[in-house]
Amino acid sequence: MAEQYKKGKKPHNRNHNNYEERNSNYGQEYNEQKKFFTNKKILIGLIGLLVIVGGLIYKANSHDDLLATVVSVEPNYKAIQIESKDCHNITSHEQVKNPNRTFWNGMFDSSKHPKYLTKETSHVVCHETSKESEVLQYYTVQYKIKNAVNTIIVRDNPPAVNIEIPLSQLQSYMESSSVTVGVLDTESK
């Protein structure tokens, strides 16, 4: 053993080598566990962050929870002119000389052969008239969400006033509108 010290070698100690080996193994395991837990924390944090961001995006894009109150529904009309002809018969009476009357039958039979006859003529007289009518074009629907008032255009079947409906349902009125025309006659000559 003394020779080992002289040559610069450490004495071979079995316990000492096991301790250093075990210590280095524990250090590696500890570092690996520390990395695992650190990575696990980061992963859990990222998943949590993704869930929160996803929820916020869903909430921002979800209109189902927004209730709209219909404030007013106003029909909008367009005035149009409808041209028409008004025709009727006019009868006129005119006194004309009787072509069958002669001197002799007028002297002796004047009651059967009068000097003048009444000639009746009729003809059709037309004149053009125009009626102003109003054609329903669309409805202007005003609705309120919280304190904001907005307007949409609906072609037919607007929602009732003072009802609360989800915004998505109100928007479906706009999307399903088809053109329907109704005529209100406000005759003027």
Side-chain angles (χ1 to χ4, degrees), residues 32-97 116-189:
E32 287 176 14
Q33 284 180 352
K34 189 175 178 183
K35 283 182 188 177
F36 174 75
F37 287 122
T38 304
N39 290 341
K40 190 175 182 181
K41 287 178 185 178
I42 291 172
L43 183 63
I44 290 172
L46 286 175
I47 291 172
L49 184 62
L50 286 174
V51 168
I52 291 171
V53 169
L56 290 174
I57 290 172
Y58 175 78
K59 178 82 170 166
N61 292 333
S62 174
H63 296 293
D64 293 337
D65 58 337
L66 292 178
L67 287 178
T69 303
V70 177
V71 177
S72 70
V73 176
E74 295 292 326
N76 293 286
Y77 297 97
K78 178 182 178 183
I80 61 168
Q81 296 291 326
I82 298 176
E83 303 292 328
S84 65
K85 282 187 176 181
D86 185 20
C87 298
H88 56 278
N89 285 331
I90 294 181
T91 304
S92 60
H93 299 89
E94 180 181 355
Q95 295 287 330
V96 292
K97 199 171 190 180
Y116 294 100
L117 296 173
T118 303
K119 182 180 174 185
E120 187 176 285
T121 59
S122 68
H123 60 281
V124 177
V125 175
C126 294
H127 68 279
E128 289 187 4
T129 61
S130 68
K131 294 180 190 175
E132 185 176 289
S133 290
E134 291 183 335
V135 178
L136 177 63
Q137 286 188 304
Y138 56 86
Y139 296 92
T140 303
V141 177
Q142 284 191 329
Y143 63 95
K144 183 171 141 181
I145 297 176
K146 297 181 182 173
N147 292 328
V149 176
N150 296 303
T151 301
I152 61 170
I153 302 296
V154 176
R155 293 279 174 207
D156 56 358
N157 300 325
V161 178
N162 294 327
I163 65 166
E164 280 190 351
I165 57 175
L167 182 60
S168 59
Q169 186 179 346
L170 183 63
Q171 288 171 339
S172 71
Y173 276 95
M174 221 171 57
E175 294 163 1
S176 66
S177 290
S178 60
V179 177
T180 301
V181 177
V183 176
L184 292 178
D185 194 10
T186 58
E187 189 174 322
S188 64
K189 292 184 181 181

task: Quick one: list whatever passes side chain to side chain donor-acceptor pair (under 3.5 Å) with Thr151, sequence neighbours left out.
output: none
- prompt: With sequence neighbours left out, what residues match Gln142 under side chain to side chain donor-acceptor pair (under 3.5 Å)?
  reply: Ser72
Grab the two heavy atoms, one from [X] and one from [Y], that are nearest each other, plus how far apart they are.
| X | Y | value |
| --- | --- | --- |
| Glu134 | Tyr77 | CB-CB, 3.9 Å |
| Arg155 | Gln137 | NH1-O, 3.2 Å |
| Pro75 | Leu136 | CB-CD1, 3.8 Å |

message: So, using side-chain contact (heavy atoms from CB on, under 4.5 Å) as the criterion, who are the partners of Val73 when residues are at least two apart?
response: Val70, Tyr139, Val141, Pro158, Val161
task: Kindly write out the residues that satisfy side-chain contact (heavy atoms from CB on, under 4.5 Å) with Asn76, not counting sequence neighbours, or none if the list is empty.
output: Tyr138, Thr140
task: Hey, could you give me each pair passing disulfide bond (SG atoms under 2.5 Å apart) that has a residue in residues 129-158? Not counting sequence neighbours.
output: none
- prompt: For residues 122-159, which residue pairs qualify under disulfide bond (SG atoms under 2.5 Å apart), counting only residues two or more places apart or in two chains?
  reply: Cys87-Cys126
message: Applying side chain to side chain donor-acceptor pair (under 3.5 Å) as the test, list every pair that has at least one member in residues 117-127; sequence neighbours left out.
response: Ser92-Thr121, His93-Glu120, Gln95-Thr118
query: Atom CG in Asn150, atom CG in Leu170: separation rounded to 0.5 Å?
result: 9.5 Å
message: Would you compute the distance between atom NZ of Lys144 and atom CG of Leu67 and round it to the nearest 0.5 angstrom?
response: 13.0 Å
query: With a 4.5 Å heavy-atom cut-off, do Tyr143 and Ile165 have their side chains touching?
result: no
